[in-house]
There are 2 protein chains.
Amino acid sequence: MHVSERYVRGLATSLLEQRGVPRAAAWLQADVLIEAELRALPSHGLQRLPLLLARIERGLADPSATGAHRWRRRGLLEVEGQRALGPVALIAALEALAPAIQDTGVALAAIRNANHIGMLAYYVEQAALRGLIGIVLSTSEALVHPFGGTKAALGTNPIAIGIPTGKAPFVLDLATSLVPMGKIHSHALRGENLQPGWAVNADGNPTIDPEAAKSGAIAPFGGAKGYGLGLAFELLVAALAGSDLAPEIRGTLDATHPVNKGDVLILIDPGADGGLMARLAAYLDALRVSRPADVNRPVAIPGDGMRARRSAALRDGIELPEAVFNELQALQDACPRTEG
Amino acid sequence: MHVSERYVRGLATSLLEQRGVPRAAAWLQADVLIEAELRALPSHGLQRLPLLLARIERGLADPSATGAHRWRRRGLLEVEGQRALGPVALIAALEALAPAIQDTGVALAAIRNANHIGMLAYYVEQAALRGLIGIVLSTSEALVHPFGGTKAALGTNPIAIGIPTGKAPFVLDLATSLVPMGKIHSHALRGENLQPGWAVNADGNPTIDPEAAKSGAIAPFGGAKGYGLGLAFELLVAALAGSDLAPEIRGTLDATHPVNKGDVLILIDPGADGGLMARLAAYLDALRVSRPADVNRPVAIPGDGMRARRSAALRDGIELPEAVFNELQALQDACPRTEG
């Protein structure tokens with residue numbers, strides 16, 4: 001079903017406020033979920049809200065925490081996430097780094113024990129719109145097997161990189177798994193087989209059965225290289241944030257455990273002048289019109305598709321599974337009082 | 001043929017000193033090439049030395065330059081490479097960042113116009129041995145086509161990440177191309193076909209003919225994701241270093257053009273205590289013995305194979321093509337006088 005962005009924004013914000021989330025934080029958490037919906041990334045969208053509400057109700061997410069900041073050095077911020085909502089902790093860290101970067105040129109926040117931060121693109125886009133290069137890393141439960149291995153031992157360990165170009169920013173956001181766990185689940189729902197090579201079952205044997213894959217592991221993207229990058233990100237985040245490693249991580253997919261993954265945000269002031277920015281934009285424009293392998297599928301620049309889908313969704317509404325909408329509406333109907 | 005590491009080290013250092021490279025710089029440049037040979041990465045080894053010597057003779061590499069440093073901010077160093085030898089500029093930048101990091105916790109050097117820096121692992125390993133996380137990026141001539149594209153428009157844009165773990169450091173070093181250009185050349189030499197999907201010819205059509213691929217383009221690794229990462233690194237380096245973009249880059253594969261690519265070095269002080277380091281090392285040890293898909297091929301940790309090959313080569317000698325050895329020896333015979 002199509003629902004208006006404004007309607008679900010109000011609904012999500014209200015549900016969060018009812019559970020004690022201050023208005024600005026509720027707006028931010030809802031915005032991160034809705035921006036994922038607008039970009040057709042439902043795995044990071046409103047389907048995550050009921051779990052988050054349950055986590056708040058059970059004390060696993062603190063509605064008013066923003067993270068405790070300690071500057072280890074002028075450019076290195078350590079954040080004890082205090083079970084804060086992920087977007088709240090991440091944006092608080094970004095706001096803290098922004099003035100530091102005037103002094104240091106590059107600054108880094110390492111965050112532990114904050115809840116799920118959602119779509120990483122959200123944050124690096126905000127950095128790029130401020131004229132800064134932004135890099136975000138995040139870890140997760142063990143879902144990915146090593147290259148040449150059979151057991152889930154790495155997180156999906158996504159990375160996002162945002163780079164200002166003078167025009168629309170370059171925004172890359174990808175998981176280091178070959179496919180998202182959400183894709184395994186959606187194949188299971190539709191009763192479709194997986195493609196060979198996507199996953200192994202609990203015994204570590206290759207499978208095309210999505211149900212078997214759920215208790216197994218997903219392959220890393222890009223063979224040995226993608227595995228190496230995912231592993232590097234796993235170590236980098238844990239070394240900086242003091243967060244746990246994938247096999248011990250809980251709390252982004254359940255309503256029973258405190259969250260113990262980590263997030264890293266790096267901001268860099270490129271200090272690039274207009275001429276350099278124009279060269280970057282011209283290079284990307286040349287790629288967009290370079291000869292494609294298939295004339296019906298022009299060469300894509302990361303971020304372009306996302307922006308196009310967002311524009312369409314703002315015009316036509318968000319495509320939301322009826323089950324997700326009904327669940328949210330039922331939660332609202334059960335508790336119509338709006339606080340704050 | 002097998003040659004002793006000590007012999008070729010003396011040969012390479014002597015050839016560089018004969019052309020005016022100061023002794024310490026000659027040792028460093030030779031060391032970077034020889035470390036690549038020891039790790040069985042001949043594409044970054046001694047076969048590059050004759051080209052480098054020719055570049056020095058023609059004024060395209062300045063034997064005594066080390067790069068001009070300007071601190072844009074406390075943690076952000078801008079390096080005009082002044083046609084310096086790549087390893088000399090890179091290590092000078094690393095030495096300059098190391099004290100800054102005591103103050104800032106994270107620091108970055110952006111280098112333009114330095115010659116080829118060789119195997120990136122060299123630098124991040126040095127960082128890790130100092131207890132620092134090191135990240136190095138470098139750009140190159142256009143050799144890689146975009147995902148869904150047909151024309152060479154990106155560099156091979158490698159990344160290296162070094163992370164101290166208390167034991168042997170984690171060292172990842174990979175190009176964002178599916179295969180190295182060196183592999184295309186070695187297939188051509190041996191008259192072997194490429195694997196489908198590796199490359200396109202000059203017209204942008206898929207080819208398994210290595211000769212046709214030489215004038216075409218290599219695929220990015222990991223499909224759309226690897227392409228996205230390679231493109232992000234391309235933009236990141238150019239935005240920070242003010243260096244050129246791949247289609248305009250020259251000077252790492254020829255002896256006719258000044259070099260205009262860029263390099264970025266990031267150092268981060270993890271400030272991790274012994275307990276955290278031990279957790280990282282234990283996690284990697286668990287991966288090494290986790291059940292492999294093929295019991296004869298255990299799960300590998302980036303850096304392990306490199307270290308094993310290095311130990312073997314130090315014992316057995318470096319495996320060097322006779323043509324490369326003969327070329328170096330002839331250069332030495334032609335100019336036996338050693339300066340410095």
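Since the structure is predicted, the reported quantities are computational estimates derived from the model, not experimental observations. Labels below follow one simple rule: chain letters A, B, ... track the order of the sequence lines, proteins then strands, and each chain is numbered from 1. Values reported hereafter were calculated over all heavy atoms of this structure, with side chains retained and with hydrogens, waters and symmetry mates removed.
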Query raised in the report: When only pairs under 4.5 Å are counted, which of B:I159, B:I101, B:L76, B:T104 shares the most heavy-atom pairs with chain A?
Result: B:T104
Requested in this report: Check each atom of A:L108 against the heavy atoms of chain B and say whether the ones under 4.5 Å are side chain, backbone, both or neither.
Outcome: both
Query raised in the report: Is it the backbone or the side chain of A:A300 that comes under 4.5 Å from a heavy atom of chain B, or both, or neither?
Result: backbone
Query raised in the report: Is it the side chain or the backbone of B:L154 that comes within 4.5 Å of chain A heavy atoms, both, or neither?
Result: both
Query raised in the report: If you look at every heavy atom in A:V144 and A:A217, which pair is closest and at what distance?
Result: C-CB, 4.4 Å
Query raised in the report: Where does A:L229 contact chain B at under 4.5 Å (heavy atoms): side chain, backbone, both or neither?
Result: both
Report summary line: Note: A:A96 and A:W71 closest approach over all heavy atoms is O-CZ2, 3.5 Å
Query - Side-chain heavy-atom pair B:Y227, A:I301 within 4.5 angstrom cut-off - result: yes
Query - Closest heavy-atom pair and its distance - A:A246, A:G155 - result: CB-N, 3.4 Å
Requested in this report: Please state whether the side chain, the backbone, both or neither of B:D273 comes within less than 4.5 Å of a heavy atom of chain A.
Outcome: neither
Requested in this report: Could you look at A:L236 and say if it's the side chain, the backbone, both or neither that has a heavy atom under 4.5 Å from chain B?
Outcome: both
Query raised in the report: Just wondering, are more than 12 heavy atoms of other shown residues or ligands nearer than 6.0 Å to CZ in A:F147?
Result: no
Report task. Would you mind checking which part of A:L276 comes under 4.5 Å of any heavy atom in chain B, side chain (CB onward), backbone (N, CA, C, O), both or neither? Result -> side chain
Query - Residue B:L231 versus chain A: region with a heavy atom under 4.5 Å - result: both
Report task. For the pair B:D263 and B:R112, evaluate salt bridge (charged side-chain N to carboxylate O under 4.0 Å, His left out) and give the outcome as yes or no after the intermediate values. Result -> CA-CA 7 Å; B:D263 311 294; B:R112 60 173 176 271; over 6 Å; no
**Report entry** Region of B:I133 in contact with chain A, defined by heavy-atom distances below 4.5 Å
**Finding:** side chain
Report summary line: Cut-off 4.5 Å, heavy atoms of chain B, and the answer for A:A107 is backbone
Query raised in the report: Given A:I163 and A:V171, is the side chain to side chain contact (heavy atoms under 4.5 Å, CB included) satisfied, shown in steps?
Result: CA-CA 7 Å; A:I163 302 175; A:V171 176; over 6 Å; no
Query raised in the report: Between A:L174, A:I266, A:I161, which shows the greatest number of heavy-atom pairs under 4.5 Å with chain B?
Result: A:L174
Report task. Examine whether an atom of B:L235 lies under 4.5 Å from a heavy atom of chain A, and if so say whether it belongs to the side chain, the backbone or both; otherwise answer neither. Result -> both
Report summary line: When rounded to the nearest 0.5 Å, the distance separating OG of A:S140 from CG of A:N157 is 6.0 Å
Report task. Against chain A, work out which of B:P302, B:G226, B:A100, B:A232 has the most heavy-atom pairs shorter than 4.5 Å and name it. Result -> B:A232
Query raised in the report: Hey, is A:D103 close enough to B:R73 for a salt bridge, meaning N to O under 4.0 Å?
Result: no
Requested in this report: Quick one: do B:D269 and A:R72 satisfy salt bridge (charged side-chain N to carboxylate O under 4.0 Å, His left out)? Show the steps, please.
Outcome: CA-CA 10 Å; B:D269 185 352; A:R72 289 215 297 249; over 6 Å; no
Report summary line: Looking only at B:G303, B:G228, B:A241, the option with the highest number of non-hydrogen pairs under 4.5 Å against chain A is B:G228
Requested in this report: Could you note down all residue pairs passing side-chain hydrogen bond (donor to acceptor under 3.5 Å, both in side chains) where residues 161-177 of chain B supplies at least one of them, sequence neighbours left out?
Outcome: B:K167-B:D285
**Report entry** chain A interface, residue from B:E78, B:Q102, B:H145, B:E248 that has the most non-hydrogen pairs under 4.5 Å
**Finding:** B:Q102
**Report entry** Among B:R279, B:R297, B:K151, B:M277, residue most engaged with chain A (heavy-atom pairs, under 4.5 Å)
**Finding:** B:R279
Query raised in the report: If you tally heavy-atom pairs under 4.5 Å against chain A, which of B:D294, B:N205, B:D244, B:I135 wins?
Result: B:D244
Query - Region of A:S290 in contact with chain B, defined by heavy-atom distances below 4.5 Å - result: side chain
Report task. Begin from the C-alpha positions of A:E125 and A:R130 and carry the test salt bridge (charged side-chain N to carboxylate O under 4.0 Å, His left out) through to its verdict. Result -> CA-CA 9 Å; A:E125 191 173 70; A:R130 294 173 188 221; over 6 Å; no
